[in-house]
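Presented below is the structure to which this report refers.
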Amino acid sequence: STAANSGNWSTAANSGDYSTAANSGAGSTAANSGIGSTAANSGNWSTAANSGAGSTTANSGDWSTAANSGDWSTAASSGHYSTTANSGSNSIAASSGDYSTTANSRNGSTAASSGHYSTTANSGDWSTAASSGDWSTVANSGNYSTAAVTGKQSIAISTGYKGKAKANLGSWIILTQRDEYYNIIQVKAVKVDGEHIKPNVLYMLEDGEIVEVNE
């Protein structure tokens, strides 16, 4: 089934499988818990939420929230000051707004943000947290995972076992070395200077030394 609402401060809710809930009004909510469903909201100060597997949640409004806990799902928000969260496996959480927060907690996932002054976090193993915005922070606590920033004056932080990080020239990477029991052995921070640490090249902390990783 389909639930659509274009009014301000409105709610469009749908719990059916293979369904669509759409809302274009400001201050609105579009919620969908069905499998294979879509919840879309383009209004400001809005919320688009979807807990179904194989689902898509999209929000282009400012000061908005797009949340998805379903597997194989996508939660996307292009509004400023937005929050995009996804806890589903093999999922993508993306935000292009400035001052935004993008988070993904499942394994094998991607959390990406292209806005300036943004925060991107991923706690899943074998995952990627990336940001192309300037003055941004990317953190990944998953094991065998990657934290990457391509913007200016940004920080890429990797705290998981055998985690990797890379950054643009002038930005910083923070790396963590853990033993096989995940105990922290050492943490090092280094600036990408273009000489000792190359820009946009993956590094990890191994035996107390920052070493280059072949992609």
Side-chain angles (χ1 to χ4, degrees), residues 1-133 136 138-142 145:
S1 57
T2 301
N5 197 323
S6 61
N8 297 330
W9 306 284
S10 302
T11 300
N14 198 324
S15 61
D17 297 340
Y18 318 104
S19 303
T20 301
N23 199 322
S24 61
S28 304
T29 301
N32 199 323
S33 61
I35 298 174
S37 304
T38 301
N41 199 323
S42 61
N44 299 325
W45 310 286
S46 302
T47 300
N50 199 324
S51 61
S55 303
T56 300
T57 301
N59 199 325
S60 61
D62 298 336
W63 306 285
S64 302
T65 300
N68 199 324
S69 61
D71 299 335
W72 309 287
S73 302
T74 300
S77 179
S78 61
H80 300 321
Y81 318 101
S82 301
T83 300
T84 305
N86 199 324
S87 61
S89 303
N90 304 310
S91 303
I92 296 175
S95 178
S96 60
D98 297 338
Y99 314 98
S100 300
T101 301
T102 305
N104 200 320
S105 62
R106 295 303 292 267
N107 298 337
S109 301
T110 300
S113 178
S114 61
H116 300 321
Y117 314 100
S118 299
T119 300
T120 304
N122 201 323
S123 60
D125 297 339
W126 302 284
S127 58
T128 301
S131 178
S132 60
S136 298
V138 172
N140 200 322
S141 61
S145 297

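Numbers here are sequence positions counted from 1. Hydrogens, waters and symmetry mates are skipped; everything else that's a heavy atom, side chains included, is used.
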Where is the tightest heavy-atom contact between [X] and [Y], given as atom of each residue plus distance?
X    : Y    : value
A93  : T84  : CB-CG2, 4.1 Å
S82  : W63  : OG-N, 4.0 Å
A21  : A31  : CB-O, 3.6 Å
S109 : G88  : OG-O, 3.5 Å
A30  : A39  : O-CB, 4.0 Å
S136 : G115 : OG-O, 3.3 Å

- Answer yes if the side chains of S46 and N41 hold a donor-acceptor pair under 3.5 Å, and no otherwise.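 Yes, a side-chain donor-acceptor pair sits under 3.5 Å.
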
- Message: Rounded at 0.5 Å granularity, tell me how far CG in D17 sits from CD1 in I35.
- Response: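 D17 atom CG to I35 atom CD1 measures 5.0 Å (nearest 0.5 Å).
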
- Message: To the closest 0.5 Å, what do you measure between CG (N86) and OG1 (T74)?
- Response: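 N86 atom CG to T74 atom OG1 measures 7.5 Å (nearest 0.5 Å).
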
- Would you list the pairs meeting ring-ring contact (aromatic ring centres under 6.0 Å, His included) in which at least one residue belongs to residues 82-105, sequence neighbours left out?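 Pairs touching residues 82-105 that pass the test: Y81-Y99, Y99-Y117.
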
Main-chain N/O of [Y] paired to [X] side chain as donor or acceptor, under 3.5 Å:
X    : Y    : answer
N44  : D62  : yes
S145 : G124 : yes
S131 : S113 : yes
D98  : H116 : yes
T57  : A75  : no

- Message: With heavy-atom distances below 4.5 Å as the criterion, would you say the side chains of N104 and S91 are in contact?
- Response: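 The answer is yes, as the side chains (C-beta and beyond) meet within the 4.5 Å cut-off.
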
- Would you call S19 and N32 a side-chain contact if the rule is heavy atoms closer than 4.5 Å?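 When only atoms from C-beta onward are counted, N32 and S19 do touch, with a gap below 4.5 Å.
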
- Residue list, side chain to side chain contact (heavy atoms under 4.5 Å, CB included) with S55, at least two apart or on another chain: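 With neighbours one apart ignored, the set is S37, N50, N68, S73.
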
